[in-house]
Amino acid sequence: MAKARIYVFGGLAAGFAIVIAKQGAFSSELLLTLSMLLLFALPIWLHFRNQLRFGQAMVTLSDEAIEAPNLAAKEKTLRWADVDSIALDLNQVTPVLAFHLKEVDGFRSNRKSWAGSNPSKPTLGLSAFSPADQERLLDAVRRRHRRAMGGSAPESAAMGNELREKREFQERIKALQPYTWATHALIAANIMIWLVTLLYGAEFSRTAAEKLLLWGGNAASEVQKGEWWRLLSALFLHGGLFHLAMNMLGLYTAGMIVERIYGPRLFLIIYLGSGLLGSALSLHFAAQQAVSVGASGAVFGVAGALLAAVFQHRDKLARSFSKQTQAGIGFFVLYSLVQGFGQSGIDNAAHAGGLLAGCLAAFILPERFDLDRYRTVFASRAIAVLAILGLVTVGLAAMAPLATVDLGRSLASSQLPLLERAVGRF
């Protein structure tokens, strides 16, 4: 907790120093900026004043109650006798303990307060604890509650320790593939290609569409001239640093898990197959009149494969891992698709095509929880997925309508205004 306070207020102090150094002399603009920083700092100070004291215990457990400064409730002490059940919420970024209080006079309020909390369900975030301490705290809280309830707590017989189950499962799949070389190789390839494009005139924030087209961006007019290789080359081009960073973050997050579940060779099939199918579907939409680039069609395929794996093999996965993964990846996919439909410059067709391809591939390909079966069906399932994704990709590309804009001819005749639009996949 002391470190947290140092980081928070140290960061604010650094912000003040940067503003003063940048402005130099005192001015009305400097005064306004410092006032805004103070307004920002004040609620942070009020929030952490009673929670981040040096040497203060984050949680105190006794046979009668639990006391925690970070407890999201008016009272920072909860008596076990007032707690009906305790649940672990894994749908958020960090685990959260939720204490369901007993009814009072036959009534339990389920209304949310103005701050967004529920008075009948105080919560305790576990982000301040190390993973090992989170496991121990969950055990201790449930043990104290069961003891206070005389062993009749609702969750006492059915629940183990979800955090421990999740950790043990992650250790098990990590043992299948200690180093995820395929994921790291793809990330390295994307970064290296972007660095090379910088040497040839790419911009950090937004590279001109004509340059992306020359380097291999996807465009229906060029593919229909026989340049089918653009379906693949576009996967490794990015319009700017933010575009690249978002795609690589998604690939790193989901890619390592998918590679460990399916193995590096099948992971590469999922990644490249999803990206190619996404590029082919883009020929019907964004790539008709714009240059489409980016790895996110392939990244969506990896995310789709992870969702399919969690659903299809849920009996072999830790329950907490499945629940948290479904919530996290599901939100990412839904948010990205909705954002794509609401904004220009995003190739949603590539996203949707990659997502569907990844889901389909994962349902067919074998996972590595049963290594004997995996080795038996590996070749036949891999060939089947390659054939299906290959046929669908070729079919979609061949059936794409004639391009509405001939981007290559526009470039050759220096009609650059037609090439001002480029769409990214992120």
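None of the values given here were measured: they were computed from a predicted structure. By convention here, the first residue in the shown sequence is residue 1.
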How far does [atom1] of [X] sit from [atom2] of [Y], to the nearest 0.5 angstrom?
X	Y	atom1	atom2	result
T207	L213	OG1	CG	13.0 Å
T253	M248	OG1	CE	11.0 Å
T393	I388	OG1	CD1	11.5 Å
L138	N161	CG	CG	4.5 Å
Y262	L306	OH	CG	8.5 Å
L241	I191	CG	CD1	9.5 Å

Sequence neighbours left out, what passes salt bridge (Lys or Arg N to Asp or Glu O under 4.0 Å) with [X]? Give chain and number order.
X	answer
K316	E367
R260	none
R79	D82
D372	R375

With [X] via side chain to side chain donor-acceptor pair (under 3.5 Å) - residues at least two apart:
X	answer
T183	E259
S130	D133
R167	E135, E171
D63	R144, R147

Are any of the side-chain heavy atoms of [X] and [Y] separated by less than 4.5 Å?
X	Y	result
H100	S85	yes
L317	I173	no
H313	I261	no

What closest approach, in Å, do [X] and [Y] show between heavy atoms, and which atom pair accounts for it?
X	Y	value
W229	G216	CZ3-CA, 3.7 Å
K102	A81	NZ-O, 2.9 Å
I66	F99	CD1-CZ, 3.9 Å
N218	S279	ND2-O, 3.1 Å
V291	A209	CG2-O, 3.8 Å
N190	H238	OD1-CE1, 3.2 Å

Ring pair (Phe, Tyr, Trp, His ring centres under 6.0 Å) partners of [X], counting only residues at least two apart:
X	value
W194	F204
Y374	F378
Y179	H184

*N/O donor-acceptor pair under 3.5 Å between W215 side chain and S233 backbone*: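 Checking the backbone N and O of S233 against the side chain of W215, no donor-acceptor pair under 3.5 Å is found.
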*Do T180 side-chain atoms and M256 backbone N/O form a donor-acceptor pair below 3.5 Å?*
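Pair absent, no side-chain N/O of T180 close to backbone of M256.
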Using a 3.5 Å cut-off and no angle test, enumerate the donor-acceptor pairs between side-chain atoms of residues 266-277 and protein atoms at least two apart in sequence or in another chain.
from : atom 1 : to   : atom 2 : distance (Å)
S274 : OG     : I270 : O      : 2.7
S274 : OG     : G358 : N      : 3.3

_Between L396 and L283, does the side chain to side chain contact (heavy atoms under 4.5 Å, CB included) criterion hold? Intermediate values first, please._
CA-CA 8 Å; L396 283 173; L283 298 176; over 6 Å; no
*Derivation and outcome, side chain to side chain contact (heavy atoms under 4.5 Å, CB included), residues R164 and D139*: CA-CA 10 Å; R164 185 176 298 111; D139 282 334; 2.4 Å; yes
With a cut-off of 6.0 Å (strictly less than), are more than 12 heavy atoms of other residues, nucleotides or ligands near [atom1] of [X]?
X	atom1	value
F363	CZ	yes
F129	CZ	yes
R172	CZ	yes

_side chain to side chain contact (heavy atoms under 4.5 Å, CB included) between D84 and L101, intermediate numbers included_ = CA-CA 5 Å; D84 185 35; L101 302 184; over 6 Å; no
*Going through the checks in order, is the side chain to side chain contact (heavy atoms under 4.5 Å, CB included) test met by V141 and V59?*
CA-CA 10 Å; V141 166; V59 175; 5.6 Å; no
*Give the ring-plane orientation class for F300 versus H351, where under 30° counts as parallel, over 60° as perpendicular and anything between as tilted.*
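The arrangement is parallel - the two ring planes meet at less than 30°.
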